[in-house]
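Notes follow once the structure below has been shown.
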Amino acid sequence: MSNAFLEALKQRRTQYALGRNVSASKAELTALIQDAIKHSPSSFNSQSSRAVILFGAESEKVWQIAIDEVRKVAPAEGFDKTEAKLKSFAAGVGTVLFYEDQDVVRSLQEQFALYADNFPVWSEQSGGMAQLSTWAALANAGIGASLQHYNPLIDAAIAAEWNIPASWKLRAQMPFGSNEAPFGEKAFMDDAERFRVIG
């Protein structure tokens with residue numbers, strides 16, 4: 001059976017070789033990212049996901065902050081490889097910083113005490129769906145991306161640089177840009193080990 005959504009999902013791959021050869025404008029990219037997040041599901045329609053979309057020099061700052069913060073905790077020997085990887089993320093057009101607003105989570109916990117323990121989990125699930133939606137939307141537009149997690153190392157410096165609200169919890173970073181290298185083959189585990197079909 002043909003399914004346009006699945007075909008778009010299959011295009012979503014990790015791209016580390018990013019460039020700036022993107023024909024879409026900043027306005028078009030911003031609208032695409034905003035729509036992807038806006039139309040992603042969230043528990044109780046909480047819409048707890050937040051995003052900071054950075055382009056050009058502002059995006060580069062994210063990865064310089066990551067270099068500076070990781071350098072503080074990583075062994076000096078071999079750090080050049082880590083630094084090169086972080087610089088590759090700065091080579092793209094932009095970066096999306098994904099957040100979950102903890103004020104929203106706390107408010108739901110107060111309103112629906114019976115489910116209080118679940119709201120942080122559901123918030124993480126909502127954030128993950130927003131990240132996947134954004135990644136798939138970018139891939140469908142021919143734009144490469146990857147999902148990175150340098151939080152919490154970079155949280156404080158990022159918050160200070162862009163005056164991020166204290167209630168926003170950084171969950172992931174997505175550098176994006178043109179695909180400057182082909183994708184390798186993706187390996188999948190055997191379906192029999194992963195799925196059970198009953199009935």
Side-chain angles (χ1 to χ4, degrees), residues 5-6 8-16 18 26 29-55 58-59 61-63 65-66 69-70 85-86 89-90 92-141 143-177 186 194:
F5 174 74
L6 284 177
L9 197 58
K10 289 175 184 178
Q11 291 182 43
R12 184 227 49 86
R13 299 288 302 281
T14 294
Q15 178 60 272
Y16 292 121
L18 296 173
K26 289 180 186 178
L29 291 167
T30 297
L32 181 136
I33 292 164
Q34 288 176 337
D35 276 351
I37 295 170
K38 188 184 296 184
H39 294 286
S40 296
S42 59
S43 66
F44 288 64
N45 194 31
S46 62
Q47 301 175 53
S48 57
S49 296
R50 305 286 182 265
V52 176
I53 306 167
L54 302 161
F55 291 97
E58 296 301 304
S59 174
K61 285 181 189 177
V62 172
W63 303 107
I65 288 170
E69 296 303 318
V70 173
K85 183 179 180 183
L86 290 163
F89 303 144
V93 169
T95 300
V96 183
L97 302 177
F98 289 94
Y99 289 86
E100 284 295 306
D101 190 341
Q102 301 307 297
D103 279 352
V104 173
V105 175
R106 283 188 286 271
S107 175
L108 287 166
Q109 288 177 310
E110 291 168 6
Q111 291 177 62
F112 305 99
L114 183 63
Y115 303 114
D117 290 345
N118 290 320
F119 284 112
V121 176
W122 291 338
S123 167
E124 293 296 318
Q125 292 171 347
S126 296
M129 288 187 277
Q131 293 156 30
L132 174 60
S133 295
T134 301
W135 199 350
L138 287 168
N140 200 41
I143 297 166
S146 67
L147 193 64
Q148 303 301 317
H149 301 91
Y150 287 91
N151 41 291
L153 282 176
I154 65 174
D155 293 23
I158 293 282
E161 181 66 33
W162 289 288
N163 194 28
I164 305 298
S167 65
W168 291 19
K169 185 176 183 181
L170 183 61
R171 306 315 297 139
Q173 306 84 51
M174 184 177 289
F176 61 92
K186 184 172 181 177
R194 194 169 188 182

TODO: List the steps, then state whether side-chain contact (heavy atoms from CB on, under 4.5 Å) holds for Trp135 with Thr14.
DONE: CA-CA 9 Å; Trp135 199 350; Thr14 294; 3.5 Å; yes
- [ ] Please name all residues satisfying side-chain contact (heavy atoms from CB on, under 4.5 Å) with Pro41, sequence neighbours left out, ordered by chain then number.
- [x] Met129
Task: Arg50 vs Val104 side-chain heavy atoms within contact, under 4.5 Å - done: yes
Using distance only, find each side-chain donor-acceptor pair of residues 149-156 under 3.5 Å and give its atom names and separation, not counting sequence neighbours.
from, atom 1, to, atom 2, distance (Å)
Asn151, OD1, Gln173, NE2, 2.8
Asn151, ND2, Leu170, O, 3.4
Asn151, ND2, Arg171, O, 3.4

Task: Value rounded to 0.5 Å, distance of OH in Tyr99 from CD1 in Ile164 - done: 4.0 Å
Task: With Ile37 via side-chain contact (heavy atoms from CB on, under 4.5 Å) - residues at least two apart - done: Ile33, Ser49, Ala51, Phe98, Ala130, Thr134
Open item on the list: Under the rule for salt bridge (charged side-chain N to carboxylate O under 4.0 Å, His left out), what residues qualify as partners of Lys26, not counting sequence neighbours?
Closed with: none
Open item on the list: Working to the nearest 0.5 angstrom, can you tell me the gap between Trp168 CH2 and Ile158 CD1?
Closed with: 13.0 Å
TODO: Going by the side-chain hydrogen bond (donor to acceptor under 3.5 Å, both in side chains) test, name the single residue among Gln111, Glu110, Gln109 that passes it with Ser107.
DONE: Gln111
Task: Heavy-atom side-chain proximity of Ile143 to Leu29 below 4.5 angstrom - done: yes
Task: Approximate separation, where rounding is to 0.5 Å, of Asn118 CG and Ser43 OG - done: 9.0 Å
TODO: Report the residues that fulfil side-chain contact (heavy atoms from CB on, under 4.5 Å) with Asn45, sequence neighbours left out, ordered by chain and then residue number.
DONE: Ser42, Gln47
Open item on the list: Could you work out, with side-chain hydrogen bond (donor to acceptor under 3.5 Å, both in side chains) as the rule, every residue matching Glu58, not counting sequence neighbours?
Closed with: Lys61, Trp162
Task: Heavy-atom closest pair, residues Val121 and Asp117 - done: CG2-O, 4.2 Å
TODO: Please name the pair of heavy atoms, one in Pro120 and one in Val105, separated by the smallest distance, quoted to 0.1 Å.
DONE: N-CG1, 3.9 Å
TODO: Sequence neighbours left out, what passes side-chain hydrogen bond (donor to acceptor under 3.5 Å, both in side chains) with Ser126? Give chain and number order.
DONE: none
TODO: Enumerate the residue pairs fulfilling side chain to side chain donor-acceptor pair (under 3.5 Å) with a member in residues 29-40, sequence neighbours excluded, ordered by first and then second residue.
DONE: Ser40-Ser133
Open item on the list: Could you work out, with ring pair (Phe, Tyr, Trp, His ring centres under 6.0 Å) as the rule, every residue matching Phe119, not counting sequence neighbours?
Closed with: Phe44, Trp122
Task: Point-to-point distance, once rounded to the nearest 0.5 Å, from OG of Ser146 to OH of Tyr16 - done: 5.5 Å
- [ ] Can you sort out the partners of Arg13 under salt bridge (charged side-chain N to carboxylate O under 4.0 Å, His left out), two or more places apart, ordered by chain and number?
- [x] none
Open item on the list: Just so I know, are the side chains of Val93 and Phe176 near enough to count as touching, which here means a heavy-atom distance under 4.5 Å?
Closed with: yes
Task: With sequence neighbours excluded, residues passing side-chain hydrogen bond (donor to acceptor under 3.5 Å, both in side chains) with Glu69 - done: Lys72
Open item on the list: Quick one: does any side-chain atom of Glu161 pair with a main-chain N or O of Ala157 as donor and acceptor, under 3.5 Å?
Closed with: no
Open item on the list: With rounding to the nearest 0.5 angstrom, report the OG1 to CD distance, Thr95 to Gln148.
Closed with: 9.5 Å
Task: Residue from Ser123, Ser167, Ser46, Ser48 passing side-chain hydrogen bond (donor to acceptor under 3.5 Å, both in side chains) with Asp101 - done: Ser167
TODO: Please name all residues satisfying side-chain contact (heavy atoms from CB on, under 4.5 Å) with Leu9, sequence neighbours left out, ordered by chain then number.
DONE: Phe5, Leu6, Leu132, Ala136
Task: CZ-CE distance between Phe89 and Met174, expressed to the nearest 0.5 angstrom - done: 12.0 Å
